[in-house]
Amino acid sequence: MATSKKSDGSGTTRPEDIQRHFAEAVNSGKIDAVLALYAPEARLVVPPSGPVVTGLPAIREALERVLALKGKMVLDTTYCIQAGDVALLRGKWRLTGTGPDGKSITMEGESAEVVRRQPDGRWLYIVDHPRGADTG
């Protein structure tokens, strides 16, 4: 039976756990812990709803800005639908932190992500859209 490991770069072995691990990694403030959840060729819609970037260097740059908020993220998985080695996830998230001007900031949305099982059994993001499931 597969187990899920804590998000420390060792990987997520169940697709339904990756969003929880993402929030833990963001809350740790460690960019390498966050990047460990992405496949090398992954695509990310730059938060909040900016351009699409591809690859770990571009994802690092985008997510370093998120981590600079030194915030607290809560991310609840709404659903996970798995088809073989691919899964579609939807989550509801909220991030509270401190903006560049020193004022409190809150961002929230409903995400849509696609994850793929890697040859070593880990599930990694291949498409991440922080507001891809927003309905409002």
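Note: hydrogens, waters and symmetry copies are ignored here, and every other heavy atom, side chains too, is used.
- Cluster membership check: Val26 shares its hydrophobic cluster with Leu56, using side-chain heavy-atom separations under 4.5 Å among Ile, Leu, Val, Met, Phe, Trp and Tyr.
- Counting only residues at least two apart or on different chains, the ring pair (Phe, Tyr, Trp, His ring centres under 6.0 Å) pairs with a member in residues 24-68 are Tyr38-Tyr125.
- A distance-only check finds a donor-acceptor pair linking the side chain of Gln82 to the backbone of Gly84 [under 3.5 Å].
- With values rounded to the nearest 0.5 angstrom, Ile81 atom CD1 is found 9.0 Å from Leu89 atom CG.
- Using a 4.5 Å cut-off on side-chain heavy atoms (C-beta onward), Cys80 and Val115 make no contact.
- Partners of Glu41 by side-chain hydrogen bond (donor to acceptor under 3.5 Å, both in side chains), not counting sequence neighbours, listed by chain and number: Arg116.
- Note: Glu24 CD to Asp17 CG = 9.0 Å, rounded to the nearest 0.5 Å.
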Acceptor/donor pairs from residues 58-77 side chains to any protein atom, 3.5 angstrom cut, sequence neighbours excluded:
from  : atom 1 : to    : atom 2 : distance (Å)
Arg60 : NH2    : Asp32 : OD1    : 2.8
Thr77 : OG1    : Gln19 : OE1    : 2.6

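- Cluster partners of Val52, by chain and number: Val45. The rule joins Ile, Leu, Val, Met, Phe, Trp and Tyr whenever side-chain heavy atoms lie under 4.5 Å apart.
- Cluster membership for Val46 and Val127, using ILVMFWY side-chain heavy atoms within less than 4.5 angstrom, is not shared.
- Residues Phe22 and Leu88 are members of separate hydrophobic clusters, defined by side-chain heavy-atom contacts under 4.5 angstrom among Ile, Leu, Val, Met, Phe, Trp and Tyr.
- Among all heavy-atom pairs drawn from Ile126 and Ala39, the shortest one is CG2-CB, 3.9 Å.
- Between Ala33 and Leu37 the shortest heavy-atom distance is O-CG, 3.9 Å.
- Residue Thr12 comes nearest to His21 through the heavy atom pair OG1-CD2, 2.9 Å, listed as atom of the first residue, atom of the second, then distance.
- Residues passing the salt bridge (Lys or Arg N to Asp or Glu O under 4.0 Å) test with Arg43, sequence neighbours excluded: none.
- Counting only residues at least two apart or on different chains, the side-chain hydrogen bond (donor to acceptor under 3.5 Å, both in side chains) pairs with a member in residues 98-108 are Arg94-Glu108.
- Ala25 and Ser28 get closest at one heavy-atom pair: O-OG, 2.6 Å.
- Legend: ring pair (Phe, Tyr, Trp, His ring centres under 6.0 Å) pairs involving residues 56-113, not counting sequence neighbours: none detected.
- Between Arg90 and Glu110 there is a salt bridge, since at least one side-chain N of the basic residue sits less than 4.0 Å from a carboxylate O of the acidic one.
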